[in-house]
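Side chains are part of it too, since the values below use all heavy atoms of this structure and drop only hydrogens, waters and symmetry mates. Here the structure is a predicted model, which means the values were calculated and not measured.
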Amino acid sequence: MDIEITEEVIQQKRKKGVVIGLIAVAILILCIVLIRTWLKSSVNNSEITTAKVQIGNVENTLNATGEVLPEFEEVITSPINASIKNVVTDAGGKVKAGQSILTLDKSAAENDYAKLKFQLETKKNEISKLKLDLDKSYFDIQSNNDIKQLRIGNLTGAVENAKRLYKAGGGTREDIEQAELNLKVAQLEKKQIENEIKSKQKTMQIEEKEAEIAAAIQQNDLNELQRKLNLANVVATRTGVVTYVNKNIGANIKEGEILARIADLSSFKVTGSLSDNYIDQLHNGMPVIIRFNDTQLRGNVSNVYPSVQNGIITFDIELEERNNKQLRPNMKVDVYLVTAVHNKVLRVANGPAFKGASPMDVFVLSNGKAEKRSVHTGLSNFDFIELKDGIEEGDVVITSDMSEFKNSKELTVKGE
């Protein structure tokens, strides 16, 4: 007689089967890991790179970018509104001080100069005429004052005569009072004229000063235009190489527009760029390492520009070997800013093995074996990394990426 299996029993069997399956999968994965670990317990010497631990200096650096520029570059701009008449020296040509680079059509500026010179002569004539008019006006007032003085003398005598007549019985009291009134009026008129003379003198001085200032301004404008006309003869101020010249003959050039650039290619500097996240670490005098191709140069930060553009801060680098023959204008270089230096410490060549935070595991070679050690690291740069402990001078360290052997404590090095 068949016994019916309950649903609860069926569910228990299913759960038991799932658990057994999961255990089997875990055992399989563990076996694979163990097999891989056993298979990877050795490495070929040709597959790794090594370096010997030594005592030396380690510099900590910040990575930046740089561009080589001539240490001296003269930018020649147009001093006047003109047009390009002729190009004498093309870009790439060498020039000496005083040598012509290009010529400008200065006719419009020369016409302005002639017009301004005529206006200045007119102003000078106006000043002369003003002085004559002022002198005449002053003379007329002074003459009136002299005439008034004579009249006062005459009226003074009339008062005395009226008083004598009155005493002799030949005049009246009214005659004396009238004579004295006429004298007082004449004295007041004279005083008025004297005040007018003083006022006229001050007015003359002010008007002459204003006219002279206006003439001086025109004279300065004339001198400035003359200076600009002289500069319009576009010549090199020193020996160098023309790196740019505007060759658009006949093109209208505005005042201040660039006409040419002359560089001294005997010495160079580097302009660096760095994220503004490191602005607090950047300062003048900071040591710098410059690398390009297989060449390394050293220098110092000479100037940090205050403005930040698009999250980038710019700085200038003064090179110790500024006349290096391999330097070229606009060459891109790698810049490493030295932020700290540790002297006479254990160091080893930097490599892919040294990634991650300290402490880290490294493999040290000895008698055909590679033993894993935990070490604390310090400063690092593109050449070296500082090792603080777990290592000794003379040890040979594997510097290539050993992440696939992270579960191995010791490796056999084949072909050593």
Can you name the closest pair of heavy atoms from [X] and [Y] and give their distance?
| X | Y | answer |
| --- | --- | --- |
| Leu265 | Pro329 | CD2-CG, 3.7 Å |
| Phe363 | Phe405 | CZ-O, 3.6 Å |
| Gln54 | Glu393 | CA-CG, 4.2 Å |
| Lys355 | Asp401 | NZ-OD2, 3.4 Å |
| Phe315 | Ala64 | CZ-CB, 4.3 Å |
| Ser302 | Ile317 | OG-N, 4.1 Å |

(message) Between Arg347 and Asp383, does any side-chain N to carboxylate O distance fall below 4.0 Å?
(response) no

(request) Before accepting this row, confirm whether a basic side-chain N of the pair Glu67/Lys332 lies closer than 4.0 Å to the acidic partner's carboxylate O. (result) yes

For the residue pair [X] and [Y], confirm or rule out a side-chain donor-acceptor distance under 3.5 Å.
| X | Y | value |
| --- | --- | --- |
| Thr377 | Lys388 | no |
| Ser266 | Asp264 | yes |
| Thr339 | Gln281 | no |
| Gln219 | Asn223 | yes |

To the nearest 0.5 Å, how far apart are [atom1] in [X] and [atom2] in [Y]?
| X | Y | atom1 | atom2 | answer |
| --- | --- | --- | --- | --- |
| Ser275 | Leu282 | OG | CG | 11.0 Å |
| Asp395 | Leu346 | CG | CG | 9.0 Å |
| Gln218 | Glu121 | CD | CD | 10.5 Å |
| Asn343 | Glu59 | CG | CD | 8.5 Å |
| Ile312 | Ile279 | CD1 | CD1 | 11.0 Å |
| Asn293 | Met331 | CG | CE | 6.5 Å |

Is any side-chain heavy atom of [X] closer than 4.5 Å to a side-chain heavy atom of [Y]?
| X | Y | result |
| --- | --- | --- |
| Ile385 | Val58 | no |
| Val333 | Val270 | yes |
| Phe72 | Glu74 | yes |
| Val301 | His283 | no |
| Ile48 | Met402 | yes |
| Leu327 | Phe292 | yes |
| Leu365 | Ile398 | yes |
| Val364 | Val396 | no |

(request) Decide side-chain contact (heavy atoms from CB on, under 4.5 Å) for Val68 and Arg328; before the verdict, give the C-alpha distance in whole Å, the side-chain angles of both, and the deciding distance to 0.1 Å. (result) CA-CA 7 Å; Val68 178; Arg328 295 290 183 273; over 6 Å; no

Any side-chain to backbone donor/acceptor pair from [X] onto [Y]? Under 3.5 Å, distance only.
| X | Y | value |
| --- | --- | --- |
| Asn246 | Leu259 | no |
| Thr399 | Thr49 | yes |
| Ser400 | Gly351 | no |
| Asp389 | His376 | yes |

(request) Take Asp316 and Tyr305, measure what side-chain contact (heavy atoms from CB on, under 4.5 Å) needs, and give me the verdict at the end. (result) CA-CA 8 Å; Asp316 290 333; Tyr305 293 90; 2.7 Å; yes

(request) Decide if atom NZ of Lys372 counts as having more than 12 heavy atoms of other residues, nucleotides or ligands within a radius under 6.0 Å. (result)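 Buried by this count: over 12 neighbours within 6.0 Å.
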
(request) Report the C-alpha distance between Thr314 and Thr271 in whole Å, list the side-chain angles of each, state the deciding distance to 0.1 Å, and finish with yes or no for side-chain contact (heavy atoms from CB on, under 4.5 Å). (result) CA-CA 7 Å; Thr314 307; Thr271 297; 3.4 Å; yes

(message) Checking Ile262 against Ile101 for the side-chain contact (heavy atoms from CB on, under 4.5 Å) test, could you report, in this order, the C-alpha distance in whole Å, the side-chain angles of both residues, the deciding distance, and whether it holds?
(response) CA-CA 10 Å; Ile262 302 174; Ile101 299 174; 3.1 Å; yes

